[in-house]
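These values consider heavy atoms only, across backbone and side chains, with no hydrogens, waters or symmetry-generated copies. One-based numbering, in listed order, for ligands and for the atoms of each.
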Amino acid sequence: MTKYIFVTGGVLSSLGKGITAASVGTLLKHSGKNVGMLKIDPYINVDPGTMSPLEHGEVFVTKDGAETDLDIGNYERFLDMSYLKTSNFTTGQVYSSVIERERAGGYLGQTIQVVPHIVGEIVDRIKQAGESHDILVVELGGTVGDIEGLPYMEAIRQMKHDDEVSGTFFIHVTLVPFIKAAGELKSKPTQHSVQELRRIGITPQMIIARSEIALPKTFKKKLALSCDIAQDSVIDALDAASIYAVPMSFLQQNILSPISKELDLGELNPDMNEWDSLVKKIVSPQKRITIGFVGKYLELKESYKSLTEALIHAGAHLDTRVEICWVDSEEIEVRGSQELLCDCDAVLVAGGFGSRGVEGKIKAIEYARVNKVIYLGICLGMQLTLVEYARNVLGLEDANSVEFDENTTNPMVYLIDNFINQSGSTELRTHESPMGGTLRLGEYPCETKKGSHLADAYKNKEIIYERHRHRYEANPAYREALEKAGMVVTGESHGLIETVEILEHPWFLGVQFHPEFTSRLQTPNPVILAFVEATLNNVES
Ligand code: GLN
């Protein structure tokens with residue numbers, strides 16, 4: 001039977017509940033436990049797939065093709081595990097299934113209500129996510145007191161007394177503000193937040209307090225007394241030099257002993273040696289490179305969370321600080337690529353949707369190609385690589401992706417009307433297909449070509465697996481012309497073009513998949529690692 005650790009948030013949002021949950025999970029995993037992770041999002045969208053990255057941050061894609069909250073990415077990066085669809089659900093999903101069941105006659109004779117039906121569905125989903133794990137860490141999105149969070153609070157409260165649950169532990173993450181003028185830490189917001197929780201029937205067993213300064217012992221004692229928890233269960237979470245330093249900081253405060261005592265987990269001695277040495281390399285590395293990161297969602301850097309983290313992972317393994325020079329693709333359209341990219345050791349063009357900034361990205365690619373600057377293009381960055389080559393090398397002036405010009409006579413990137421999806425069935429796709437959940441999503445195999453940079457990156461593995469999130473595909477009608485002109489296909493998936501490289505270039509790779517989704521601190525993604533390594537070698541020589 002599974003044990004459950006619930007992580008709720010108080011006072012305000014953005015306190016790093018996701019990192020807290022991932023850090024607790026990491027310590028338990030390194031203690032030999034089989035740990036599952038679940039993020040609950042109380043919004044009504046079925047998934048974040050149709051939200052703007054500027055609204056919600058990145059949409060993370062799981063191996064089995066779910067578009068999920070970016071915290072699932074944190075979990076995978078920390079715990080070095082692949083989680084599935086069941087690791088994230090939203091209010092939209094909960095209501096959809098209850099309403100669907102009601103229409104199918106699943107509740108004949110009953111009035112469907114929040115309690116017990118919606119709450120029951122929530123409990124079922126949490127237990128489903130917990131199946132086959134020793135421990136499930138559940139992070140509840142939002143803040144205590146939010147109206148939309150109430151059914152979830154009720155569900156986790158009920159789980160305390162569930163016969164199918166072998167133990168529960170409640171962690172509350174709050175803010176302890178430091179009032180500079182008075183030189184004082186304030187416990188009141190935490191007390192109020194805990195009172196609110198207790199009104200609902202949940203007494204937290206641990207407080208994790210975000211604060212600017214370390215909490216003195218006397219303050220911890222006061223907080224413990226006023227919140228009715230044990231003194232060893234007040235943990236402080238100071239701003240860390242790297243998010244990956246958080247598990248170690250928790251461990252130093254013996255976070256595992258109250259958890260283990262309550263959940264009867266026995267003695268826990270996590271082996272964090274490798275982790276610790278990677279964190280040291282993130283915090284004070286020997287070497288340094290600068291990557292020109294060309295994108296368009298720059299107002300919210302969380303939009304590229306997995307990619308920026310993947311660069312950190314690769315850097316940690318190469319003892320290198322990967323400095324990011326953010327370059328707005330629309331800015332390139334105005335000022336040109338030379339001026340904005342000339343100080344960068346490499347160019348990275350990230351994925352994206354919609355036409356804004358596309359011409360700037362094409363200019364950045366041309367700059368990297370012509371000046372033989374190390375280049376990696378991801379998803380849209382790969383598609384535009386084809387467009388750039390077609391326009392400037394093949395001389396096809398109006399070459400484009402049909403996403404941006406439906407009437408181009410040279411559709412380098414097009415909408416295939418059907419393809420074989422992950423489960424082996426044919427999926428139809430047209431311009432009229434609905435927007436939600438209709439992308440090529442999740443993990444697909446890719447055959448690598450011997451001798452390519454791609455094959456090299458994956459240590460000559462013939463078949464690799466990476467994740468996708470896109471609607472359009474490279475058009476194979478142009479393959480022969482491109483290859484004759486020096487741009488070769490080095491990766492294929494069921495006949496679809498997955499990667500391209502330029503032979504006469506030190507390192508120029510476009511990948512249709514998103515390598516960043518499989519990068520973890522302990523196992524960096526091979527493409528990103530090879531990209532950073534190529535840049536480093538180039539700088540050193
Ligand atoms: N907009 C492109 C497509 O839908 C690329 C998507 C992406 O970069 N993730 O195919």
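- Residues Phe404 and Val387 form no side-chain contact, since every pair of their non-hydrogen atoms from C-beta on lies 4.5 Å or further apart.
- A salt bridge is absent between Glu333 and Lys296: the closest approach of a Lys/Arg side-chain nitrogen to an acidic carboxylate oxygen does not fall below 4.0 angstrom.
- Protein residues with any heavy atom under 4.0 Å from ligand 1: Gly351, Gly352, Phe353, Cys379, Leu380, Gln383, Glu403, Arg469, His470, Arg471, Tyr472, His514.
- Heavy-atom neighbours of Ile463 CD1 from other residues, nucleotides or ligands within 6.0 Å: above the threshold of 12.
- Residues passing the side chain to side chain contact (heavy atoms under 4.5 Å, CB included) test with Asp328, sequence neighbours excluded: Leu298, Glu330, Glu331.
- Looking at Phe60, Phe517, Phe293 one by one, the single match for ring-ring contact (aromatic ring centres under 6.0 Å, His included) with Tyr304 turns out to be Phe293.
- One finds no salt bridge joining Glu483 and Lys449 here, because no Lys/Arg side-chain nitrogen approaches an Asp/Glu carboxylate oxygen to under 4.0 Å.
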